[in-house]
Each structure stands twice: as C-alpha cells, then as structure tokens.
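See below for the structure under consideration.
Predicted, not measured: the structure shown is a model, and the values here were computed from it. Below, each value reflects all heavy atoms present in this structure, side chains not excepted, and no hydrogens, waters or symmetry copies.
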Protein chains: 2
Amino acid sequence: MTHHIRVLDTASASGPQSARSRIPGVPQAGKPVERLIRAGQRLFHQGDAASHLFELRAGILRQTRTLESGERQVIGFHFPGDIVGFAPDGIHRDDCTAITDGRAIVHHADARTLADRSPELQPRLWAAAMQEIGRAQDQLVMLGRRSASAKVEAFVQYLIERAGNWRDGQVSVDIPMSRYDIADFLGVAVETVSRSFTDLRQAGVIEMTDPHRLTIRHPAALANLR
Amino acid sequence: MTHHIRVLDTASASGPQSARSRIPGVPQAGKPVERLIRAGQRLFHQGDAASHLFELRAGILRQTRTLESGERQVIGFHFPGDIVGFAPDGIHRDDCTAITDGRAIVHHADARTLADRSPELQPRLWAAAMQEIGRAQDQLVMLGRRSASAKVEAFVQYLIERAGNWRDGQVSVDIPMSRYDIADFLGVAVETVSRSFTDLRQAGVIEMTDPHRLTIRHPAALANLR
DNA sequence: CGCCTAATTGATAGGTATCAACGCTTGTGG
DNA sequence: CCACAAGCGTTGATACCTATCAATTAGGCG
C-alpha cells in the first residue's frame with residue numbers, strides 16, 4: 001500500500017547516530033541543553049518513554065506513525081519555534097526524525113513535569129500545547145478535502161504560512177521534505193502529489209525552479225483556491 | 001461538494017436555545033457550574049472567544065469547522081470524561097454542538113487561566129490537553145487510510161474504544177451521530193459511508209439491528225482489519 | 001563509472017463521487 | 001385520524017478521479 005522504509009530512515013539508522021541510542025549530550029536530569037541535530041537523526045521513537053521535550057530552534061522535523069500493516073502516516077512537520085515531544089500517557093506513539101540539520105533546546109522532562117518544575121515556562125508550554133492541538137485540527141481539515149489537488153494546494157498554503165519568505169509582494173518557500181513525505185502527510189499516492197504539483201505549475205499558480213523550491217508570484221491566486 | 005446545513009443545526013437555531021445566546025446558567029466568573037445540555041444545542045461557535053471549558057459528564061458532542069467554500073469537516077466527537085473547549089489564541093475555530101442530551105461542568109475560563117487559578121486541576125488539564133493531541137493525531141491516521149471502507153472500519157474501532165459496551169466477549173455500541181456526520185468526519189461521501197456499513201455487515205464483521213446500533217460478535221475479526 | 005533513489009510522466013483498472021430514486025420514520029396540519 | 005412534507009438511510013447507474021504498475025530522466029554516492 002504505502003511506502004515501508006525510506007532512505008533517510010535507513011541512512012540515520014546506519015549513520016553516526018545509532019537508531020536506539022539516547023540523544024547524545026543530554027543529561028539525565030537538570031538544566032536544559034542546546035543540541036545540534038543532523039539530518040536523518042531520530043529524536044524519539046514510537047514506543048519510547050516521553051522523557052524529553054524539545055524546543056526547536058532551527059531545522060525541520062517530521063513526525064510519523066507506522067501501522068502494523070506497514071503503512072506510514074506523517075502526523076506532522078515541525079518548524080523552528082515549535083515545542084516538540086508532547087505525548088499522552090507518557091509514551092511516544094510516533095517517530096520524530098530530522099529532515100534537515102537543526103538545533104534544539106532539550107529539556108529532560110515531559111510537559112507536565114516541566115510545568116511543575118519550571119513555573120515560568122508554563123505560559124509557553126500551554127501555548128505550545130494549544131498550538132499543537134490547533135495544528136493537528138488544521139491538518140484534519142487538509143486531509144478532509146475531497147480531491148487530491150485540493151489537498152496539495154492546501155499543503156502549499158500550509159507551508160507558506162509556516163515557513164514562507166515574503167518579498168516584493170511574492171512569496172517563496174523551501175520544500176525540504178520529499179514527495180513521499182508529502183504523500184504520506186496528505187494520504188495520497190506519491191505520483192498524485194507529483195502530478196498535482198505539475199498541474200499547479202501549468203495552471204500558473206506556482207513556479208518551481210527545482211522540486212524543493214517553490215515561488216508564488218501572485219499570492220492572491222492561491223487564497224482564492226481555499 | 002459537501003453538505004452545508006444539517007437538521008440538527010437548524011433545529012437548534014430555532015429551538016429553545018437561541019443560536020448566539022450565552023450558555024444559560026453560566027456565571028461570568030467564579031465556581032464551576034453543572035449544566036444540562038440538550039440535543040442540538042451549541043456550546044460554542046466558530047469565532048467565539050474561548051472563554052469556557054467544559055468537563056463533559058454525559059452525552060456526545062460534535063466539533064465541526066465550516067470552510068468559506070461551505071464544506072464541513074467534523075474535527076472530532078466528544079464523549080463523557082472529555083474536557084472540551086481548548087483553543088489556540090483564545091478563539092474557537094470550530095462549532096461545538098450536542099448530538100444527544102447531556103451534562104457538563106462549565107468553567108468560566110480558558111485552560112491556561114484555569115490552570116493558574118486552580119493548581120489542583122493542573123494534572124487533569126494537562127492530561128486532557130495531551131489526550132486531545134493524541135486523539136487528533138489518531139484521527140489523522142484514520143483519514144490517511146487510503147480506501148473508504150478502511151476508514152469506516154477504523155471509525156468503528158474508534159467508536160468501540162471510546163464508547164463500546166463489552167458483554168460476554170462481544171461488544172456493541174450506539175452510533176448517535178448521523179451518516180452525514182460520519183462522512184464529514186472521515187472525508188468521504190455519505191453514500192460511501194452507507195455502502196461501507198453494508199459491506200461490513202454482509203462480510204459478517206458487524207451486525208446492525210438499526211442504523212444507530214452496532215454489535216460485533218467476534219471482536220478479533222475487527223482487530224485483524226487494522 | 002555503475003548503482004540507487006527521487007521525481008516525473010504515461011497507461012490502465014478500479015474505486016469513489018455524483019446524480020437519481022426509493023422506503024422509512026417523524027412531525028405537522030387538515 | 002390520516003395525508004402530506006421533510007429528512008435520513010440505503011441502493012443503483014455512471015463518469016471521473018486516483019491508485020497502481022511501468023518506464024524514463026536526473027542526481028547523489030560509493
């Protein structure tokens with residue numbers, strides 16, 4: 001059905017960060033630590049205890065869930081500014097992997113413990129948790145769209161809202177994730193994603209110099225597509 | 001595309017609870033109050049300030065978002081035990097309507113304010129927020145399923161987990177929501193929902209005496225369908 | 001250089017949205 | 001009390017969309 005194993009995953013598993021190792025440089029308790037993140041590295045695994053909370057400062061993360069059937073669903077992407085690692089019942093139900101190099105503040109505690117321990121963090125923790133709820137719900141709306149091209153359009157809009165660079169009335173954005181990631185994010189086939197991008201390009205809505213760079217000259221056109 | 005207006009909504013708007021009125025019996029501040037909820041009543045509206053938090057004690061709620069295009073997405077259903085009314089940025093982006101009669105404890109505060117004001121509630125509030133994240137993510141997995149019948153199967157499983165009654169090794173559950181609600185929950189057409197139920201029935205996986213009551217004699221069969 | 005993967009495009013079969021019609025229940029008014 | 005309207009759920013027929021299989025190109029890496 002869907003794609004079982006991705007290059008990034010295997011690359012990371014065989015790379016300098018062994019798959020099941022603790023995040024290096026993270027103390028078992030105490031003060032938060034800033035960590036560098038390398039593309040392909042996994043921050044936490046499906047099944048791990050949710051023992052760390054990450055304040056992402058740079059880079060893009062991908063959170064995925066793999067079903068017993070082998071199907072993969074991308075639960076979400078994380079961008080700088082996000083707080084990552086919320087989990088009900090103290091157990092991660094997803095993998096979280098870096099798509100690009102990055103940097104994060106790592107707290108050795110789950111959200112609730114951290115809120116108890118550091119009251120000054122509470123406002124930001126609550127805001128982040130609410131944002132997480134809101135983003136998951138927005139993604140539901142994205143997935144609920146009936147047609148595949150509407151989903152891809154909504155994804156483009158989402159990317160722009162989260163990471164778009166505005167300049168001279170036009171907006172461009174990097175697309176660090178693969179077409180497979182986008183496909184598993186939207187619940188459509190990778191070929192459909194590719195075709196939808198082509199359609200959007202030929203319709204004059206978007207421009208793409210290469211598959212991972214997108215520009216919109218007339219953003220109003222996209223707004224109409226909502 | 002999708003269904004613009006539902007009977008319950010219009011019924012509620014013309015019913016005893018006027019559409020834009022405050023929740024009756026709720027003080028503007030102070031102690032929580034228990035409120036009865038009538039089927040069709042709306043607890044909050046898209047665009048409202050997120051000024052109340054509801055501890056649902058009985059009944060089923062439906063949270064929906066309506067797009068400018070008129071399409072409706074069911075963001076989620078709420079069951080007894082849920083805490084309802086989390087919203088990022090203090091503004092509700094969804095409508096929340098009672099599907100059945102019910103009962104709730106109403107707090108006149110948003111989650112963060114309530115956490116500040118009532119520290120003894122903090123553990124439950126955090127747990128509820130984490131649950132909300134987890135459920136939205138589970139729903140993403142449901143929507144990501146490729147085939148419509150797989151989505152309906154996943155929905156049945158979801159219903160059973162949330163509200164199933166186990167007895168003598170078999171499980172049954174009420175389905176209080178309409179086929180339209182299920183369709184807008186799963187992002188498929190209402191006819192497809194109906195056909196999928198029929199298929200599941202004919203395949204011997206489920207039994208349905210009427211459209212709103214479901215029984216599974218051999219739950220193991222459903223587990224295999226994951 | 002040769003292998004592997006990503007991304008794209010093509011062809012086709014199958015699934016699902018859509019339009020349509022019907023039975024059923026509920027509520028309303030004559 | 002019965003006729004009627006309205007909405008829900010279901011089923012049928014059909015056209016369109018998309019998943020799937022296949023092939024091609026381009027780029028990265030050992």
Side-chain angles (χ1 to χ4, degrees), chain A residues 1-12 14-15 39-40 62 69-72 99 143-153 175-202 206 208-214, chain B residues 1-15 39-40 62 69-72 99 143-153 155 175-202 206 208-214:
Chain A
M1 267 281 171
T2 28
H3 333 91
H4 294 230
I5 297 183
R6 289 298 140 59
V7 167
L8 266 183
D9 299 339
T10 38
S12 82
S14 60
R62 176 201 341 111
S69 61
E71 298 177 63
R72 192 184 78 146
I99 292 182
L143 290 217
R145 301 276 179 125
R146 294 295 208 276
S147 82
S149 57
K151 289 182 188 174
V152 173
E153 286 167 13
I175 307 180
M177 59 287 288
S178 73
R179 296 293 190 261
Y180 292 91
D181 289 339
I182 300 172
D184 291 347
F185 183 73
L186 295 175
V188 298
V190 60
E191 296 93 332
T192 302
V193 173
S194 191
R195 275 185 252 269
S196 297
F197 272 121
T198 302
D199 292 345
L200 282 175
R201 194 158 14 92
Q202 291 180 345
I206 64 174
M208 300 187 77
T209 54
D210 75 293
H212 294 285
R213 180 97 197 142
L214 183 150
Chain B
M1 264 287 174
T2 27
H3 332 92
H4 296 230
I5 297 182
R6 290 297 138 60
V7 167
L8 266 183
D9 299 336
T10 39
S12 81
S14 61
R62 173 198 348 107
S69 61
E71 298 177 62
R72 194 184 75 148
I99 292 181
L143 289 217
R145 302 278 180 125
R146 293 294 208 275
S147 83
S149 58
K151 290 182 188 176
V152 173
E153 287 168 13
F155 172 73
I175 308 181
M177 59 288 287
S178 73
R179 296 293 190 260
Y180 292 91
D181 289 339
I182 300 173
D184 291 347
F185 183 73
L186 295 175
V188 297
V190 61
E191 296 93 333
T192 302
V193 173
S194 190
R195 276 185 251 267
S196 297
F197 273 119
T198 301
D199 292 345
L200 283 175
R201 193 159 13 93
Q202 291 180 345
I206 63 174
M208 299 186 78
T209 54
D210 75 292
H212 294 285
R213 180 100 198 138
L214 183 149

Q | Distance, rounded to the nearest Å, where Arg146(B) contributes CZ and dC17(D) contributes P | A | 19 Å
Q: Return the 5'-most residue of the pair Glu191(A), Ser149(A) with respect to DNA chain D, ranking by each residue's nearest nucleotide.
A: Ser149(A)
Q. Among dT16(C), dT10(D), dA17(C), which nucleotide sits nearest the side chain of Ser147(B)?
A. dT16(C)
**Q.** Base dT18(C) paired with Arg195(B) side chain (donor-acceptor, <3.5 Å)
**A.** yes
(Q) Can you tell me if His212(A) touches the phosphate of dA6(C), counting only side-chain N or O atoms and a distance under 4.0 Å to OP1 or OP2? (A) no
(Q) Keeping Arg213(A) on the side-chain end and Ile175(A) on the backbone end, is there a donor-acceptor pair under 3.5 Å? (A) no
Q. OP1 or OP2 of dG9(D) sitting under 4.0 Å from any side-chain N/O of Ser194(B)?
A. no
Q: Using whole Å, report how far CE of Met177(B) lies from C1' of dG9(D).
A: 16 Å
Q | Heavy-atom check, side chain of Met177(B) versus side chain of Phe185(B), under 4.5 Å | A | no
Q: Please state whether the phosphate of dT10(D), meaning OP1 or OP2, lies under 4.0 angstrom from any side-chain nitrogen or oxygen of Arg179(B).
A: yes
(Q) Measuring from the side chain of Ala189(B) (C-beta onward, heavy atoms only), which nucleotide among dG9(D), dT18(C), dA7(C) has the closest atom? (A) dT18(C)
Q: Check Pro211(A) against Met208(A) and note the closest heavy-atom contact, atom names and distance.
A: O-CE, 3.4 Å
Q: Write down the distance between CG (Asp199(B)) and C1' (dT16(C)), rounded to a whole number of angstrom.
A: 12 Å
Q.
Using whole Å, what does the distance between atom C1' of nucleotide dA17(C) and atom NZ of Lys151(A) come to?
A. 13 Å
Q: Report the distance from atom CD1 of Ile99(A) to atom C1' of dA6(C), rounded to the nearest whole Å.
A: 15 Å
Q) Whole Å only: how far is the CE atom of Met208(A) from the C1' atom of dA6(C)? A) 13 Å
Q: Of all the heavy-atom pairs spanning Asp181(B) and Arg62(B), show the shortest one and how long it is.
A: OD1-NE, 3.1 Å
Q | Under 4.0 angstrom between Thr192(A) side-chain N/O and dA19(D) OP1 or OP2 | A | yes
(Q) Is there a side-chain contact between Thr198(A) and the phosphate of dT9(C), meaning an N or O under 4.0 Å from OP1 or OP2? (A) yes
**Q.** Contact summary for Val152(A) and Val193(A), nearest pair of heavy atoms
**A.** CG2-CA, 4.4 Å
Q) What is the distance from CG of Leu214(A) to P of dA7(C), rounded to the nearest Å? A) 14 Å
Q | Between P of dA6(C) and CD1 of Ile175(A), the distance in whole Å | A | 16 Å
